[in-house]
Amino acid sequence: MGQQKKMVDDITSMDEDFAKWYTDVVKKAELIEYTSVKGCMVIRPYGYAIWENIQATLDRMFKDLGHENVCMPMFIPESLLNKEKDHVAGFAPEVAWVTYGGNEKLEERLCVRPTSETLFCEHYKSIIQSYRDLPKLYNQWVSVVRWEKTTRPFLRSREFLWQEGHTIHASAEEAKEETIRMLNVYEDFCENYLAMPVVKGVKTEKERFAGAEDTYTIEALMHDGKALQSATSHYFGDGFAKAFEIQFADKDNKLKYPFQTSWGATTRLIGAIIMTHGDDNGLVLPPKIAPTQVVIIPIAAHKEGVLEKAEELRARLSKTCRVKCDTTDNSAGWKFAEYEMKGVPLRLEIGPKDIENNQCVIVRRDNREKYFVPLDELETKIPELLELVHKGIYEKAFNRRAEMTFVAKTFDELKDIADNKPGFIKAMWCGERECEEKLKEIAGVSSRCIPFEQEKISEKCVCCGRPAKDMLYWGKAY
RNA sequence: CGGGACGUGGCGAAGUUUGGUAUCGCGCUUGGUUUGGGACCAAGAUGCCGCUGGUUCGAGUCCAGUCGUCCCGACCA
């Protein structure tokens with residue numbers, strides 16, 4: 001049997017210190033361990049299993065839309081990184097460089113990829129000649145490195161795992177469609193698999209990805225009222241194609257520049273799950289990505305027949321769900337606390353009394369509701385309960401977001417909300433960068449996105465009073 | 001990169017002011033009793049006190065440097 005480590009120290013409560021609560025959960029649920037390199041963490045089996053489930057689901061969604069997986073190198077020569085000037089300006093400050101190979105100093109230093117646009121461009125240039133070669137719908141699952149100054153597990157590490165999709169199309173329209181299609185995939189995934197409501201929209205020019213024409217985002221609201229950008233999708237136009245001289249012969253036999261997109265989601269999603277659903281007892285995992293969906297706890301396991309029954313149920317239920325049976329000799333109470341901390345959606349208790357009545361007790365992680373379930377109904381009841389947990393945590397998150405979303409019509413209102421009420425602020429904006437910067441500087445909020453679902457809150461910009469263009473979500477962000 | 005806190009068995013801490021035998025709780029090992037909300041008894045094992053140098057008869061403690069971690073800002077997935 002595995003380790004039987006005891007977690008006697010309580011998790012710091014969220015209200016007391018949210019940041020401490022977060023690191024407590026991350027450590028005590030055994031998701032990560034720190035290493036000797038700042039910002040580089042070990043993702044432990046339980047944490048990695050969550051990522052594998054995220055990965056498996058997204059990968060299937062991508063492939064259903066015709067995307068293919070590839071794998072680019074980890075190194076980018078400096079000259080290649082330098083080709084698109086906005087792009088390099090955006091990333092240069094945070095790249096790690098390789099300057100030696102063995103004992104030899106390299107003639108040209110290599111950066112460890114912070115993102116792979118340049119590599120994809122170089123590759124596309126060499127494989128695309130004709131419109132018949134388009135589109136290419138590529139994706140890769142790799143890690144990237146960004147030398148961040150401040151690091152936090154999952155939310156900001158120097159190396160992180162992600163997928164980056166890179167597509168290239170014959171027309172701008174097709175590329176734009178792809179950008180939105182993938183944004184919708186992320187929204188679908190967050191809401192229906194992670195039970196996490198998101199706001200979908202486009203970034204302002206100031207917040208745009210380096211080298212993109214448009215950056216689309218889904219923004220989620222964490223328990224403490226801070227926003228988290230959970231995935232992005234970029235439309236590049238033909239800017240990269242021009243910088244990298246990618247051209248194709250179209251049907252009319254004229255050389256044209258193709259249009260590109262890129263889109264990504266990272267291990268940050270695990271941080272989002274923790275901070276969206278977690279509570280003072282620890283993690284609460286969305287059933288669809290929980291490594292263990294049901295944990296069986298034998299009660300009075302020394303009594304005759306209990307362990308056998310528990311094991312029999314485990315074998316039976318493994319066809320229905322991801323199930324685990326804890327047969328260690330820790331006390332039942334210890335196990336209850338342990339699996340609550342690990343966020344397992346359902347706990348199944350089976351003891352002598354239950355066996356006598358041919359039933360078991362099932363307890364939901366999200367609200368601790370208790371169900372007595374006849375053993376022969378488990379195959380139907382468990383999927384139902386998992387679905388209820390999914391809906392329960394989605395609704396809780398949705399309602400909390402609604403309670404923490406405020407409307408500001410004037411600068412003073414906005415400042416007051418920003419200072420006193422954590423959450424999203426909806427306010428009108430004139431479109432000027434100056435106002436955006438002023439709100440950041442004076443109220444401490446950044447623009448999260450211009451949501452697709454617009455509301456006309458007022459006619460005037462919340463900052464300068466001039467005629468407003470759009471309604472924006474503002475907030476403090478991770 | 002600025003401001004703050006910190007580094008002592010696996011984990012969490014005390015000890016540092018005033019230099020003098022390395023402490024406590026948890027975990028771990030063995031045996032026994034327990035088991036429906038973090039059980040108990042007994043016996044054990046585990047320390048380059050972050051690292052380097054200095055002061056001193058003697059340094060976890062004082063001095064200098066260095067590395068790293070966490071939190072709050074600025075920047076970022």
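Source: prediction; values computed, not measured. Throughout, a chain's letter reflects where its sequence line sits, starting with A, and its residues are numbered from 1. All values below come from the heavy atoms of this structure, side chains included, with hydrogens, waters and symmetry mates left out.
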Peer 1: Answer yes when Glu437(A) and Lys206(A) have at least one side-chain N-carboxylate O distance shorter than 4.0 Å, and no when they do not.
Peer 2: no
Peer 1: Send over the distance from Glu219(A) CD to rA77(B) C1', rounded to a whole Å.
Peer 2: 11 Å
Peer 1: From CE of Met41(A) over to C1' of rC70(B), roughly how many Å is that when rounded to an integer?
Peer 2: 15 Å
Peer 1: Can you tell me the pairing partner of rG2(B) across any strand shown, Watson-Crick or G-U wobble, with both distances under 3.5 angstrom?
Peer 2: rC72(B)
Peer 1: Could you check whether Lys335(A) gets within reach of a base, just the sugar-phosphate, or nothing at all, counting any heavy atom under 4.0 Å?
Peer 2: nothing
Peer 1: According to the Watson-Crick and G-U wobble definitions, with both distances under 3.5 Å, which nucleotide is paired to rC51(B)?
Peer 2: rG65(B)
Peer 1: Is it the case that Tyr339(A) and Arg365(A) place a side-chain donor and acceptor less than 3.5 Å from each other?
Peer 2: no
Peer 1: Enumerate all atom pairs, one protein N or O and one N or O from nucleotides 71-74 of chain B, separated by less than 3.5 Å.
Peer 2:
residue	atom	partner	partner atom	Å
rC71(B)	OP1	Arg152(A)	NE	3.2
rG73(B)	O6	Thr150(A)	OG1	2.8
rA74(B)	N6	Thr150(A)	OG1	2.8

Peer 1: Any ion pair linking Glu356(A) and Lys353(A) (charged N to carboxylate O, less than 4.0 Å)?
Peer 2: no
Peer 1: Quick one: the side chain of Asn330(A) and the base of rG38(B), do they pair up donor-acceptor inside 3.5 Å?
Peer 2: no
Peer 1: When you look at Lys27(A) and Glu33(A), which way does the salt bridge (charged side-chain N to carboxylate O under 4.0 Å, His left out) test go after all the steps?
Peer 2: CA-CA 7 Å; Lys27(A) 284 296 300 287; Glu33(A) 187 59 68; 3.5 Å; yes
Peer 1: Using centres under 5.5 Å plus planes under 30 degrees as the test, is His302(A) stacked with rU34(B)?
Peer 2: no
Peer 1: Using a 4.0 Å heavy-atom cut-off across all strands, classify Glu349(A) as base, sugar-phosphate, or nothing.
Peer 2: base
Peer 1: Please figure out whether Glu340(A) or Arg268(A) has its closest RNA chain B nucleotide nearer the 5' end.
Peer 2: Glu340(A)
Peer 1: Base, sugar-phosphate alone, or nothing: which one does Arg368(A) contact when heavy atoms must sit under 4.0 Å apart?
Peer 2: base
Peer 1: Let's test this: given Watson-Crick or G-U wobble pairing with both distances under 3.5 Å, identify the partner of rG58(B).
Peer 2: none
Peer 1: Classify the nucleic acid contact of Gly39(A) as base, sugar-phosphate or nothing, counting any heavy atom under 4.0 Å across all strands shown.
Peer 2: sugar-phosphate
Peer 1: Sequence neighbours excluded, which residues qualify as salt bridge (Lys or Arg N to Asp or Glu O under 4.0 Å) partners of Lys396(A)?
Peer 2: none
Peer 1: Paired with rA42(B) by Watson-Crick or G-U wobble geometry, both distances under 3.5 Å: which nucleotide is it?
Peer 2: rU30(B)
Peer 1: Does a side-chain N-to-carboxylate-O contact under 4.0 Å join Glu338(A) and Arg347(A)?
Peer 2: no
Peer 1: Measuring only the P atom in each nucleotide, how far is rC40(B) from rG27(B)? A whole number of Å is fine.
Peer 2: 9 Å
Peer 1: Indicate, with a heavy-atom threshold strictly under 4.0 Å, whether Glu94(A) touches base, sugar-phosphate, or nothing.
Peer 2: sugar-phosphate
Peer 1: Ring of Phe336(A) versus six-membered ring of rG38(B): centres under 5.5 Å and planes under 30°?
Peer 2: no
Peer 1: Can you tell me the base-pairing partner of rU21(B)? Count Watson-Crick or G-U wobble geometry only, both distances below 3.5 Å, and say none if there is no partner.
Peer 2: none
Peer 1: Just the rounded figure in Å: distance from C1' of rG36(B) to OH of Tyr371(A).
Peer 2: 19 Å
Peer 1: Going by an N to O cut-off under 4.0 Å, is there a salt bridge joining Arg158(A) and Glu94(A)?
Peer 2: no
Peer 1: Counting the atoms with a prime plus P, OP1 and OP2 as sugar-phosphate, which does Ile297(A) contact under 4.0 Å by heavy atoms, base, sugar-phosphate, or nothing?
Peer 2: nothing
Peer 1: Can you tell me which nucleotide in rG38(B), rG36(B), rA77(B) comes closest to the side chain of Pro352(A)?
Peer 2: rG36(B)
Peer 1: If you measure only the distance, is there a donor-acceptor pair under 3.5 Å linking the side chains of Ser446(A) and Arg448(A)?
Peer 2: yes
Peer 1: NA contact type, Ala301(A), heavy-atom cut-off 4.0 Å: base, sugar-phosphate, or nothing?
Peer 2: nothing
Peer 1: Considering only atom P, compute the distance from rA14(B) to rG9(B) and round it to an integer number of Å.
Peer 2: 13 Å
Peer 1: Applying side-chain hydrogen bond (donor to acceptor under 3.5 Å, both in side chains) as the test, list every pair that has at least one member in residues 189-199 of chain A; sequence neighbours left out.
Peer 2: Arg60(A)-Tyr193(A), Asp188(A)-Asn192(A), Glu191(A)-Tyr394(A)
Peer 1: OP1 or OP2 of rA77(B) versus the side-chain N and O atoms of Thr266(A): is any pair under 4.0 Å?
Peer 2: no
Peer 1: Indicate, with a heavy-atom threshold strictly under 4.0 Å, whether Gly264(A) touches base, sugar-phosphate, or nothing.
Peer 2: nothing
Peer 1: Give one of base, sugar-phosphate or nothing for Val144(A), where a contact means two heavy atoms less than 4.0 Å apart.
Peer 2: nothing
